[in-house]
Enquirer: 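Sending over a structure as structure tokens; questions will come in a sec.
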Number of protein chains: 2
Amino acid sequence: MDDPLFLASDLRLAVHRLARRLRVEQPDDDLTLTQISALATIWRFGPLTAGDLAQRERVRPPSISRVLASLEAAGLAQRRENPRDARQVIVSVTPAGDRRILEAVRMSEAWLAERLQMLTADEHDVLAKAAALMERLASAEERSLADRRATT
Amino acid sequence: MDDPLFLASDLRLAVHRLARRLRVEQPDDDLTLTQISALATIWRFGPLTAGDLAQRERVRPPSISRVLASLEAAGLAQRRENPRDARQVIVSVTPAGDRRILEAVRMSEAWLAERLQMLTADEHDVLAKAAALMERLASAEERSLADRRATT
DNA sequence: TATTGTTATACTCTATAACTATA
DNA sequence: TATAGTTATAGAGTATAACAATA
């Protein structure tokens with residue numbers, strides 16, 4: 001039952017399928033999950049450099065550039081040059097982004113929130129704990145990465 | 001803490017990020033998560049029609065056609081015409097697919113299985129329960145779908 | 001030279017629309 | 001006409017490679 005091999009298999013498929021479903025259930029007029037994820041990270045940890053954001057989101061710099069361009073076009077985030085190192089870009093949430101983020105997140109969560117109401121309080125508790133564990137798994141460092149970029 | 005709105009937000013981001021990470025950590029020489037998901041469903045529920053497979057995987061028919069074409073090219077699944085209704089395609093796992101599926105799944109799960117070893121037995125238990133709940137959420141029916149196709 | 005970020009390009013996964021074959 | 005599946009096409013999200021600017 002808690003054989004790590006079967007668990008890995010079950011968890012992997014469940015995550016894949018729920019992620020696929022969540023993408024489909026996005027409201028058309030709102031931000032995509034990728035944009036919300038980045039915006040939430042800027043909101044929580046910003047201002048931060050584009051590179052730091054890419055690391056926190058665990059995507060490559062070009063991917064972050066794309067997302068940032070869309071968030072900037074939507075007026076929700078802004079990029080400024082770092083006066084102390086002109087190579088860097090400092091990313092922050094705009095006042096409009098700050099005003100809208102909670103609502104945007106709530107709206108985009110509507111489908112899932114409704115389905116969660118079908119579950120019991122105990123099941124909510126399991127999912128809350130699991131969400132924290134999945135974040136840890138998603139962020140887990142590994143040898144190969146540590147080798148590639150020595151983050152001290 | 002178990003406010004469904006915050007839970008939805010946390011769960012959604014966690015699933016999105018772990019799914020992204022899992023995709024990156026796929027071994028190059030193996031099947032993709034999408035292929036494995038489909039193959040596992042054929043293995044478990046097949047033989048079944050292409051349409052049934054699409055419904056179980058919760059994707060549209062063209063998406064299944066693509067995945068089936070790749071699985072067939074890899075010799076792991078096969079499509080046969082249904083003698084009783086020549087419009088339908090019956091999908092099944094080939095002997096080669098049957099021989100290889102468990103190993104393919106295990107290989108592709110290697111990264112996650114290794115990271116799960118960092119967790120406690122209690123945490124494994126939480127994830128196992130959460131995986132079942134996430135499958136339920138991913139498969140949850142809704143009004144609009146029920147309207148579109150009256151599945152009795 | 002090394003680092004930071006962007007642009008150019010390509011690939012995967014998914015969808016909708018249009019089409020073919022069959023019922 | 002309606003249904004099952006495929007092909008054509010498009011869009012999102014991500015990557016690697018090449019580039020420009022700065023340290």
Side-chain angles (χ1 to χ4, degrees), chain A residues 15-28 30-38 48-55 57-74 77-91 108 138 145 148-151, chain B residues 15-26 28 30-38 48-55 57-74 77-91 138 145 148-151:
Chain A
V15 167
H16 173 66
R17 287 168 180 158
L18 185 52
R20 189 157 64 184
R21 183 72 185 269
L22 287 172
R23 191 171 57 69
V24 167
E25 299 293 347
Q26 276 175 170
D28 291 345
D30 204 55
L31 301 171
T32 68
L33 190 41
T34 295
Q35 291 171 318
I36 288 176
S37 177
L48 75 178
T49 68
D52 286 344
L53 178 57
Q55 276 200 306
E57 285 290 296
R58 292 217 150 254
V59 296
R60 299 292 175 192
S63 304
I64 278 298
S65 280
R66 278 177 62 93
V67 177
L68 285 176
S70 69
L71 288 176
E72 204 165 41
Q78 67 178 355
R79 290 182 278 192
R80 294 191 317 271
E81 194 179 82
N82 185 353
R84 285 186 285 182
D85 184 342
R87 292 172 305 181
Q88 290 186 333
V89 163
I90 305 292
V91 182
S108 70
L145 258 180
R148 261 193 282 165
R149 87 174 42 224
T151 34
Chain B
V15 166
H16 173 65
R17 288 169 180 158
L18 185 52
R20 190 157 64 184
R21 183 72 186 269
L22 287 172
R23 191 172 56 69
V24 167
E25 299 293 346
Q26 278 176 167
D28 291 346
D30 205 56
L31 301 170
T32 69
L33 193 41
T34 296
Q35 291 171 319
I36 288 176
S37 178
L48 76 180
T49 68
D52 286 344
L53 178 58
Q55 275 199 308
E57 285 290 296
R58 292 217 151 255
V59 296
R60 298 293 175 191
S63 303
I64 278 298
S65 280
R66 278 180 60 92
V67 177
L68 285 177
S70 69
L71 289 176
E72 204 165 39
Q78 67 177 354
R79 290 182 279 193
R80 293 190 318 271
E81 194 178 81
N82 185 353
R84 286 185 285 182
D85 184 342
R87 293 173 305 182
Q88 289 186 334
V89 163
I90 304 294
V91 182
L145 258 182
R148 261 191 284 164
R149 82 173 48 222
T151 33

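The figures here come from the full heavy-atom set of this structure, side chains too, leaving out hydrogens, waters and symmetry mates. These numbers come from a predicted model, not from an experiment. Every chain is numbered from 1 and lettered A, B, ... according to where its sequence line falls, protein lines coming before strand lines.
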Enquirer: Can you tell me how far C1' of dG5(D) sits from CD of Glu81(B), to the nearest Å?
Expert: 11 Å
Enquirer: Nearest to the Ala50(A) side chain among dA23(C), dC13(C), dG5(C), which nucleotide is it?
Expert: dG5(C)
Enquirer: Could you say whether Pro83(B) or Ser65(A) is positioned toward the 5' end of DNA chain C, judged by the nucleotide with the nearest heavy atom to each?
Expert: Ser65(A)
Enquirer: Hey, which sits more toward the 5' end of DNA chain D by its nearest nucleotide, Arg84(A) or Leu33(A)?
Expert: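 Closest to the 5' end, via its nearest nucleotide, is Leu33(A).
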Enquirer: From dT6(C), dC13(C), dA23(D), pick the nucleotide closest to the side chain of Arg79(A)?
Expert: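 The nucleotide sitting nearest to the side chain is dT6(C).
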Enquirer: From C-beta outward on Pro61(A), which listed nucleotide comes closest to its side chain: dT6(C), dT14(D), dG5(D)?
Expert: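 The answer is dT6(C), which lies nearest to the side chain.
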Enquirer: Nearest whole Å is fine: how far is dT6(D) C1' from Leu53(B) CG?
Expert: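 Atom CG in Leu53(B) sits about 15 Å away from atom C1' in dT6(D).
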Enquirer: Whole angstroms only, please: what is the CG-P distance between Leu22(A) and dC13(C)?
Expert: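 Roughly 18 Å, once rounded to whole Å.
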Enquirer: Going by modelled atom types, is there a donor-acceptor pair between the base of dT3(C) and the side chain of Arg87(A) at under 3.5 Å?
Expert: yes
Enquirer: In whole angstrom, give the distance that lies between atom CD1 of Ile64(B) and atom P of dT16(C).
Expert: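 After rounding, the reported distance stands at 14 Å.
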Enquirer: Does Arg20(A) or Thr49(A) map to a spot on DNA chain C nearer the 5' end, using the closest nucleotide for each?
Expert: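 Taking each residue's closest nucleotide, the earlier one in sequence belongs to Thr49(A).
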Enquirer: When you look at Leu71(A) and Gln35(A), which way does the side chain to side chain contact (heavy atoms under 4.5 Å, CB included) test go after all the steps?
Expert: CA-CA 7 Å; Leu71(A) 288 176; Gln35(A) 291 171 318; 4.0 Å; yes
Enquirer: Are Arg23(B) and dT12(C) close enough that a side-chain N or O sits under 4.0 Å from OP1 or OP2?
Expert: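 Negative; the distance criterion is not met.
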Enquirer: Output the rounded distance in Å from CD (Gln55(B)) to P (dG5(D)).
Expert: 10 Å
Enquirer: Just checking Arg66(B): does its CZ atom have more than 12 heavy atoms from other residues, nucleotides or ligands closer to it than 6.0 angstrom?
Expert: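 Atom CZ in Arg66(B) is not packed in, count stays at 12 or less.
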Enquirer: Which nucleotide sits closest to the side chain of Thr32(A): dG5(D), dA12(D), dA15(D)?
Expert: dA12(D)
Enquirer: Between Asn82(A) and Val67(A), name the one whose nearest nucleotide on DNA chain D is closer to the 5' end.
Expert: Val67(A)
Enquirer: Using every non-hydrogen atom in the two residues, find where Arg20(A) and Ser37(B) come nearest and quote the distance to one decimal.
Expert: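 In terms of heavy atoms, the two residues are closest at NH2-OG, 4.1 Å.
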Enquirer: Can you name the nearest heavy-atom pair linking Ala50(B) to Ile64(B), along with the distance?
Expert: O-CG2, 3.9 Å
Enquirer: Mind listing the closest non-hydrogen atom pair of Leu22(B) and Leu33(B) along with its distance?
Expert: CB-CD2, 4.5 Å
Enquirer: Pick base, sugar-phosphate or nothing for Arg66(A), based on heavy-atom distances below 4.0 Å to the nucleic acid.
Expert: base
Enquirer: Counting any heavy atom closer than 4.0 Å, what does Thr34(B) reach on the DNA or RNA strands: base, sugar-phosphate only, or nothing?
Expert: sugar-phosphate
Enquirer: Quickly work out the Arg21(B) CZ to dG13(D) C1' distance and round it to whole Å.
Expert: 18 Å
Enquirer: Whole angstrom is fine here: how far is it from CZ in Arg60(B) over to C1' in dT6(D)?
Expert: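 Interatomic distance, CZ of Arg60(B) to C1' of dT6(D): 16 Å.
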Enquirer: Whole angstroms only, please: what is the CD-P distance between Gln35(B) and dT14(C)?
Expert: 10 Å
Enquirer: Would a 4.5 Å heavy-atom cut-off, applied to side chains only, mark Glu72(B) and Arg79(B) as touching?
Expert: yes
Enquirer: When you measure from the side chain of Pro62(A), which nucleotide among dA17(D), dT4(C), dA15(C) comes out closest?
Expert: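 Between dA17(D), dT4(C), dA15(C), the one nearest the side chain of Pro62(A) would be dA17(D).
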